[in-house]
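Inspection log for the structure reproduced underneath, given as structure tokens.
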Amino acid sequence: IFRKKRWSIVFFINKKKKEIQIEETNYWLSIGDLMASILMIFMLLFIVKTIETGRELRKKEEIIEGFTGLKKNIISKIQKDFEERGIKVDIDPQTGTIKIDDKILFNTGEYLLKPEGKKYLNDFVPIYINLLLNDEEVKKELSQIIIEGHSDDMGSYLYNMDLSQKRANEVFKYIYTTLGNFSKSEREELEKYITANGKSKANLIYKENGEVDRAKSRRVEIKFKLKDEEIVFLSTTSSSINVVSNSPIESFVASSRDK
């Protein structure tokens, strides 16, 4: 009887051990399934985010390419028009900015235009303005026509700000009142776009050895800005882009794709 009881106890203990082992196995299987499910969710989220990021990058690249192509088209028109007329100006092929040496326009330290400075402006500014305002394809994308005065690093910031602003204003006044024989309606149209700003010594030009190129720094720049230029700039400095639907650049990109 004692032996039977002992075997019964051993059997009962072994049975309980097996039950506990099965429960532990089931518990760890449940934990494993849960972790696998969580991992799967994270993987799916990662894949979705990767796809969205790829789409955003592709859209950003298309918009930047469209903007670059649009601006290059306008610059190309300006350059072609100048070349056909035999006009030589320092125009940046990437930005379309025209740089005018201060010695051409002004005497040292002065802001009133010299006669030869007026003649220089007479040669190309009316053509430049007319192309921007009378070409409907260009005009619909145009945001601003900017005249900027720049100084070198000699003298105080305030002195150079005053001089650069006066020089920009002088060029602006000459363009607005004298050049191009603008009609009243054309002058009113010009008012919507043109601005004059002094930059003092904020945008110096440097030589290859790192020294300030004072002669080139003293200048007046005439440039244009397109409507979506700020959007494109922001898109290149952030990881995502918020594009206004039906904007001119988007339309340009869409039409380019269709072609």
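Quick note: numbers below take in every heavy atom, side chains included, and nothing from hydrogens, waters or symmetry partners.
By the 4.5 Å heavy-atom criterion applied to side chains, Ile147 and Ile175 are counted as neighbours. Contact check for Asn107 versus Leu112: no side-chain heavy atoms found under the 4.5 Å cut-off. Phe124 has its side chain within reach of Ile98: a pair of non-hydrogen atoms, C-beta onward, lies under 4.5 Å apart. With a 4.5 Å cut-off on side-chain heavy atoms, Phe106 and Val220 count as touching. Side-chain contact between Ile205 and Arg219 is present, with at least one heavy-atom pair separated by less than 4.5 Å.
Side chains of Gln165 and Tyr111: no donor on one and acceptor on the other come within 3.5 Å.
A salt bridge between Arg218 and Asp152 is present, with a side-chain N of the basic residue lying under 4.0 Å from a carboxylate O of the acidic one. Checked for salt-bridge contact, Lys173 and Glu170 meet the test: a charged N lies under 4.0 Å from a carboxylate O. Classification of Lys139 and Glu189 as a salt-bridged pair holds, one side-chain N sitting under 4.0 Å from a carboxylate O. Taking a cutoff of 4.0 Å between a charged side-chain nitrogen and a carboxylate oxygen, Lys77 and Asp81 do not qualify as a salt bridge.
Side chain of Arg167 to backbone of Glu110: a donor-acceptor contact under 3.5 angstrom is found. A donor-acceptor pair is defined here as one N or O able to donate and one able to accept, closer than 3.5 Å; such a pair exists between the side chain of Ser200 and the backbone of Tyr157. Checked by atom type and distance alone, the side chain of Ser164 never pairs as donor or acceptor with a backbone atom of Gly198 at under 3.5 Å. Side-chain atoms of Asn160 come within 3.5 Å of backbone atoms of Met154 as a donor-acceptor pair (strictly under, hydrogens ignored). For Lys166 (side chain) and Gly149 (main-chain N/O), no donor-acceptor pair under 3.5 Å exists by modelled atom type. Between the side chain of Ser217 and the backbone N or O of Asp213 there is at least one donor-acceptor pair closer than 3.5 Å. A side-chain donor-acceptor contact under 3.5 Å links Asn130 to the backbone of Pro126.
A distance of 11.5 Å separates NZ of Lys118 from CG of Leu105, quoted to the nearest 0.5 Å. If you take CG on Leu133 and CG on Leu190, they are separated by 6.0 Å, rounding to the nearest 0.5 Å. A distance of 8.5 Å separates CG in Leu131 from CD1 in Ile74, rounded to the nearest 0.5 Å. Tyr120 OH to Leu113 CG: the interatomic distance, rounded to the nearest 0.5 Å, is 13.0 Å. Interatomic distance, Asp92 CG to Gln79 CD, rounded to the nearest 0.5 Å: 9.0 Å. Summarising the geometry, atom CD1 belonging to Ile145 is positioned 9.5 Å from atom CD1 belonging to Ile222; distances are rounded to the nearest 0.5 Å.
Here the shortest heavy-atom pairing between Leu204 and Asp153 reads CD2-N, 3.8 Å. Here the closest heavy-atom approach between residue Ala168 and residue Ala196 is recorded as O-CB, 3.8 Å. Heavy-atom minimum distance, Ser156 versus Tyr159: OG-N, 3.0 Å. Nearest heavy atom pair, residue Ile127 against residue Asp123, reads CD1-O, 3.6 Å. Between Thr195 and Gln144, the shortest heavy-atom distance links the atoms CG2-NE2, 3.8 Å. The two residues Thr95 and Ile75 come nearest to each other via the heavy atoms C-CD1, 3.5 Å.
The environment of NZ in Lys114 is crowded: more than 12 heavy-atom neighbours from other residues, nucleotides or ligands sit within 6.0 Å. Enclosure of atom NZ in Lys199 is not indicated, since only 12 or fewer non-hydrogen atoms of other residues, nucleotides or ligands lie within 6.0 angstrom.
The hydrophobic clustering, which links ILVMFWY residues whose side-chain heavy atoms are closer than 4.5 Å, places Ile146 and Tyr128 apart. Side-chain heavy atoms closer than 4.5 Å link hydrophobic residues (I, L, V, M, F, W, Y) into clusters, and following such links, possibly through other members, connects Val89 to Val138. One hydrophobic cluster, built from ILVMFWY side chains closer than 4.5 Å, holds both Tyr174 and Val125.
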Check against side chain to side chain contact (heavy atoms under 4.5 Å, CB included), Leu121 and Ile100:
CA-CA 9 Å; Leu121 294 175; Ile100 309 171; 4.0 Å; yes
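With Phe224 as the aromatic partner, Lys71 meets the cation-pi criteria of under 6.0 angstrom to the ring centre and within 45 degrees of the ring axis.
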